[in-house]
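Below: one structure, written as structure tokens.
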Amino acid sequence: MTKLPILSLLAAAALACSAASAQDYYTGATVAKGGELTFRNPLNGKSASADPGAIFKFYGGVALANNLALEAAYSEGAEAHFDKAKLGLASDPSFELRSFSLAARATHSFNDDWSVFAKAGLARSRYKAAGAGTSDSVSATKPLLAVGVAYNVTEKIALTLEVESIGRTRKEGVNLRQNTAQLGVKVGF
């Protein structure tokens, strides 16, 4: 995907934000377990696994209608280090993730305390690998889908549980899919 569609989406978001009042904005943060990553040395076929720890996401949104919002997010994962001895390499390779997403968020409230939401949009992810004296990265734009539940602690603060999936990235020997269960907090203005 070229940069033009992403820039068009950002321009549309800016126009939508200019029409909203201050109470229509929200922000939040989530944390998720990174999961298990596997790295395969293409020279000798040996592989090793590592856990990248936590993935943190920071997001902000603007209400477009009563139950519809536009949301932008930035995610970053902790660096995962792979064992050089298991891979037959001179140094430990490492791997890190960064992504930016833009999505529509639809919400259904059951009462003043509980609501469910669904998101659909696009995510631009960058997977960076370093080690053995080299550095390489793979970037991809993929669909983002998510569902979640929110519990309002106060009128402006909600605790959230969200399951998010970003489409599979297959490039240059990399085969990754991001599926995370995220715990978070959302704050309205």
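When a residue number appears, it is its place in the shown sequence, counting from 1.
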| field | Under 4.5 Å side-chain linkage, directly or through intermediates, the cluster mates of Phe58 | value | Val31, Phe56

| field | Minimum heavy-atom distance Phe189-Thr27, with the two atoms named | value | CZ-CG2, 3.7 Å

| said: So, taking the atom named CG in Asn67 and the one named NE2 in His108, what distance separates them when rounded to the nearest 0.5 Å? | reply: 8.5 Å

| request: Begin from the C-alpha positions of Leu102 and Leu122 and carry the test side-chain contact (heavy atoms from CB on, under 4.5 Å) through to its verdict. | output: CA-CA 6 Å; Leu102 189 61; Leu122 293 174; 5.8 Å; no

| What are the two closest non-hydrogen atoms of Ser75 and Ile55, and how far apart are they? | CB-CG2, 4.4 Å

| Set of side chain to side chain contact (heavy atoms under 4.5 Å, CB included) partners for Ser115, sequence neighbours left out | Thr107, Ser109, Ala150

| note | Across all chains, not counting sequence neighbours, the side-chain hydrogen bond (donor to acceptor under 3.5 Å, both in side chains) partners of Thr180 are Gln182

| request: With sequence neighbours excluded, tell me which residues meet side-chain hydrogen bond (donor to acceptor under 3.5 Å, both in side chains) with Lys119. | output: Glu71, Glu162

| message | Among residues at least two apart in sequence or on other chains, which ones pass side-chain hydrogen bond (donor to acceptor under 3.5 Å, both in side chains) with Ser101? | response | none

| field | Single-linkage hydrophobic cluster Val149~Phe110, side-chain heavy atoms < 4.5 angstrom | value | yes

| query | Got a sec, which pairs hit salt bridge (charged side-chain N to carboxylate O under 4.0 Å, His left out) with one end in residues 180-189, sequence neighbours left out? | reply | none

| message | Just to verify, what does Asn111 make a side chain to side chain contact (heavy atoms under 4.5 Å, CB included) with, not counting sequence neighbours? | response | Asp113, Trp114

| query | Can you name the side-chain hydrogen bond (donor to acceptor under 3.5 Å, both in side chains) partners of Tyr74, sequence neighbours left out? | reply | Glu76, Arg98

| task | Please lay out, stage by stage, how Asn152 and Asp112 fare under the test side-chain contact (heavy atoms from CB on, under 4.5 Å). | result | CA-CA 7 Å; Asn152 293 329; Asp112 289 340; 5.8 Å; no

| field | Hydrophobic cluster partners of Tyr59 (side-chain heavy atoms under 4.5 Å) | value | Tyr26

| message | If you apply the rule side-chain contact (heavy atoms from CB on, under 4.5 Å), what do you find for Ile157 with Val185, and how did you get there? | response | CA-CA 7 Å; Ile157 299 173; Val185 62; 3.8 Å; yes

| task | May I ask you to list the residues sharing a hydrophobic cluster with Leu145, side-chain cutoff 4.5 Å, ordered by chain and number? | result | none

| query | Applying the 4.5 Å side-chain criterion to the ILVMFWY set and letting contacts propagate, would Val116 and Val153 be lumped into a single cluster? | reply | yes

| request: Taking side chain to side chain contact (heavy atoms under 4.5 Å, CB included) as the test, write out the residues that go with Leu183, two or more places apart. | output: Leu161

